[in-house]
Amino acid sequence: MGIMDKARIYSPWLYHLHCGGCNGCDIETLAALAPRFDVERFGVQLVPSPRHADILLTTGCVPKQFIPMVKRIYEQVPAPKVVVAVGSCACGGSLFYDDAPENYAILGHPDLLIPVDVYVPGCAPKPEAIINGVVQGILKLAEKRSKK
Amino acid sequence: MVDLIFTVISLIVIVPLALFLGVIYSYLLRKLSARFQWRVGPMLRMYGDLKPLLGTTRLLQPLYDILKLYGKETIVPDVSRRRLFVYSPFLSLFFAVAAIFFIPFPGMPLLSGVPYSLIIASYLLIASILFTILGPVASGSPWAAIGARREVELFLVSELGFVLSLFAVAIARQSLVIWEISSGGQSLYLALLTVTAGALMFVAMLGKLHIKPFDMPEAEAEIVAGPYTEYSGKLLGTYYLTKVFLLYGLVALFISLFLPPIATDVLWLPLYIVAAVVLVFLLTSVQVLNPRYRIRNAINWYLKVAIPLGVLNFIIALAIWLVV
Ligand code: SF4
């Protein structure tokens, strides 16, 4: 493993993309970054701009108004990148979508727009599960080569 | 001739050394602020069963961040002024590296003995920061523009404090050569100046390094990533590298100007390291104990506290020059 691949595993930067959802997942995601779980131990950092990110962490069921923003934010993340979908909403729509697929306002889940690499189910998933999802994301990231 | 060869060798050696020390200082900044916040921060010794995957230590975490950024795609926005956008990070890095050539390290005078090295070093540091403003302005992003504007305002006031403290020392020691200042002796009056001018320089360093009360150019909660919003990949990595060199450079400048003769002889090296760590510790404690100022408060604060302190420094320095 070259030093570049190592560096890629050692310093994954997260961009937290909240699209719809009830904020439960977001609270759990922040709990994963807070003192009790502190993912900075492993070099994970929350970055403010998608241009700096390696891992796009999406939560929520993507209301239709969010579609252009989600696409645009995904495109703004430089390659190599992975998308981690956190929560049942982001995995398949959850309660906002299951019973009423024809919901006029909800698209369903980010997988319909952008390629999701890792799914973390749970409503809301525990911080441990989110960290596990991020780790799976890091492993996928290590496999991807940056393309010019 | 021997001198020349020694200087050339030390100029080559100082770049990786400064990078290493800068990375360690940045690591300390991150680790200490994590500890202050009851977190663990980047691990010094990784858990046994994770070692094969995650490495044994994260002491070089800032370096890994930079390396990773160099391995990523670099996006140049369409609306940017391409040339300025792309070259600014490299020019900024160039000036930061050039500045550290003029700041002595224990056992290596480098170029600090050339005439007017104090002025050259301070200009190079200013130039480096100037290009962290110009690049973002060229990126065409409103967030970067707001960040850059805040940076300019902060820069103007913090620079004043920086220059006042530099020249107070220069007047008191009657020299514009860093090497002469840093190899000078100590006296009671000079120690007094060290305290006042050192405090002013410390405050100016906070502004230059964007440490907490003065981090509004990068205010994450308000303006995305401030000046760096549009930067990605190699260009962002270059800015991070510049920051590492700037951190090293400012700490080294502080020690060589205010704590002579620590930065002269190689025997002082342990004390130099202790002084640097203490300085980084102080920077971190200011960072974690303060909320972010609004830009107007920051300017007012500098004008009300830092500038009068600078004038006081000048009076002390003049008194030392005339009386002692
Ligand atoms: S998965 Fe559950 S907790 Fe998460 S956003 Fe959806 S409804 Fe809220």
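Every chain is numbered from 1, with letters handed out A, B, ... down the list of sequences. All values reported here derive from a predicted model rather than from experimental measurement. All heavy atoms count here, side chains included; hydrogens, waters and symmetry mates do not.
Atom CZ of F36(B) sits in a crowded spot, with more than 12 heavy atoms from other residues, nucleotides or ligands closer than 6.0 Å. When the shell of 6.0 Å around CZ of F94(B) is examined, it contains 12 or fewer heavy atoms from other residues, nucleotides or ligands. More than 12 heavy atoms of other residues, nucleotides or ligands sit less than 6.0 Å from atom CZ of R292(B). Taking a 6.0 Å sphere around OH of Y87(B), one finds it holds 12 or fewer heavy atoms contributed by other residues, nucleotides or ligands.
Closest of all the heavy-atom pairs between D38(A) and G41(B) is OD2-N, 2.9 Å. Scanning all heavy atoms of the two residues, the minimum distance from P78(A) to S232(B) falls at CG-CB, 4.0 Å.
Of the charged side-chain nitrogens involved, at least one lies within less than 4.0 Å of a carboxylate oxygen, so that R30(B) and E40(A) count as a salt-bridged pair.
Using a 4.5 Å cut-off between heavy atoms, L44(B) makes no contact with chain A at all. Using a 4.5 Å cut-off between heavy atoms, Y240(B) contacts chain A through its side chain alone, with no backbone atom that close.
The stretch residues 42-58 of chain A places F42(A), G43(A), Q45(A), P48(A), S49(A), R51(A), H52(A), A53(A), D54(A) near chain B, each with some heavy atom under 4.5 Å from a heavy atom of that chain. Within residues 122-135 of chain A, no residue has any heavy atom less than 4.5 Å from a heavy atom of chain B.
Between the side chain of E73(B) and the backbone N or O of A79(A) there is at least one donor-acceptor pair closer than 3.5 Å.
S11(A) OG to I66(B) CD1: the interatomic distance, rounded to the nearest 0.5 Å, is 9.5 Å. In this structure, the separation between CD1 on I75(B) and CD on E75(A) is 9.5 Å, given to the nearest 0.5 Å.
In terms of heavy-atom pairs under 4.5 Å with chain A, the best-connected choice from R58(B), M43(B), Q61(B), Q37(B) is R58(B).
In this structure, P42(B) and R41(A) have side chains that are not in contact, with every pair of non-hydrogen atoms separated by 4.5 Å or more.
Both cation-pi conditions hold for K68(B) and W13(A): the charged atom is under 6.0 angstrom from the six-membered ring centre and inside a 45 degree cone around its axis.
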